[in-house]
Amino acid sequence: MVVISQNPTMKIEKIRDDIDLPIINLLNKSKAIKEMVRACEEYGFFKVINHGVPQEIISQVEEEAAGFFAMPDPEKMRAGPPYGCKNIGLKGDVGEVEYLILQTNSPHYMIQSDESNKFSSAINAYVEAVRKLACELLDLLMEGLLGSTPNPTTSSMLSRLIKDSESDSILRFNHYPPLDVPSDSPKIGFGEHTDPQIITLLRSNGVKGLQISIEDGVWIPVNPRPESSFCVNVGDLLQVMTNGRFVSVKHRVAVQPYESRMSIAYFAAPPLHATVSCLPGVAAAPLYRSFSWGEYKQAAYTRRLGDTRLNLFAL
Ligand code: GA4
């Protein structure tokens, strides 16, 4: 079934039936490589299972985050600037969301209100585990792109950027309070955008809401199952590095009636000074000029959430 509706900016859009994104089982590496590469080319999104992130690490951080968002507003405000509500970015975008944004290379992540330090230590354990997974996925993707006997220095190029102590990776907790009445047109928790970084690893509490748009004006809701999986998506930088072979796809989050959605996204990014360009051996004629992540990040923050930024760097 396709639902035709008008979004808040009066743009006509179609909402298609849910899709099951490709589910990649990391236990079988050679099959995983092929399937991941295909998924990055077709959807820019896939899910991973048997990912090696211990369930207790995930449960602990999810429990602490749920406890944090359940606190009264003044308590949440005590967390300081990592906490935000409704305002997204610096250019006036808003959404039905409250969040915590943490810089992962900062040794003291935290959250002033976390006196027991339980949330902070759960976050530290989670970041370490999820960073390891991001690096493994990037190494496998590089092997898929460059062939099975690549130069080891080239094949670990991306994961080294993420492991760098100056990596600008971010951890973001999002809480989307439920709609109290169902609505015909989607109520947007987080508006359409692409992720600026290299790759994003997302966990959710099993409540739907994520939608992707492979074709302009057509939105496809993503089935939140399996709950044990991570949803992975290509960011703008990976599109540049693969010269457009992997696609950074627009996505958004619609608020659900009666159910509150919580998600935790790890945005894997290089250091601010790192140069971003087409990877060696990927293409003869680059589609984008070289730039630093700092330059790209600034371009993202000086624009609106839904603006396309990659075309500013196209050759
Ligand atoms: C989208 C991905 C991440 O959530 C984020 C977002 C950031 C923010 O919320 O501050 C941005 C958005 C995101 C892209 C364009 C800019 C920056 C809001 C915005 C308008 C933390 C990120 O890195 O980029």
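One-based numbering, in listed order, for ligands and for the atoms of each. Since the structure is predicted, the reported quantities are computational estimates derived from the model, not experimental observations.
Just one of Leu202, Leu210, Val234, Val232 meets the side-chain contact (heavy atoms from CB on, under 4.5 Å) condition when paired with Phe45; it is Leu210. Here the rule is side-chain hydrogen bond (donor to acceptor under 3.5 Å, both in side chains) with Arg252, and of Glu192, His193, Gln211 only Gln211 fits it.
We find that Glu143 and Lys34 are not joined by a salt bridge, their nearest charged nitrogen and carboxylate oxygen being 4.0 Å or further apart.
The stretch residues 44-63 participates, sequence neighbours left out, in these salt bridge (charged side-chain N to carboxylate O under 4.0 Å, His left out) pairs: Glu62-Arg203.
No more than 12 heavy atoms of other residues, nucleotides or ligands sit less than 6.0 Å from atom NZ of Lys208.
A donor-acceptor contact shorter than 3.5 Å links the side chain of Asn205 to the backbone of Ser260.
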Report every pair formed by an N or O atom of ligand 1 and a protein N or O atom separated by less than 3.5 Å, giving atom names and the distance to 0.1 Å.
from: ligand 1; atom 1: 4 (O); to: Arg172; atom 2: NH1; distance (Å): 3.0
from: ligand 1; atom 1: 9 (O); to: Arg172; atom 2: NH1; distance (Å): 2.8
from: ligand 1; atom 1: 10 (O); to: Tyr301; atom 2: OH; distance (Å): 3.0
from: ligand 1; atom 1: 23 (O); to: Gln197; atom 2: NE2; distance (Å): 2.7

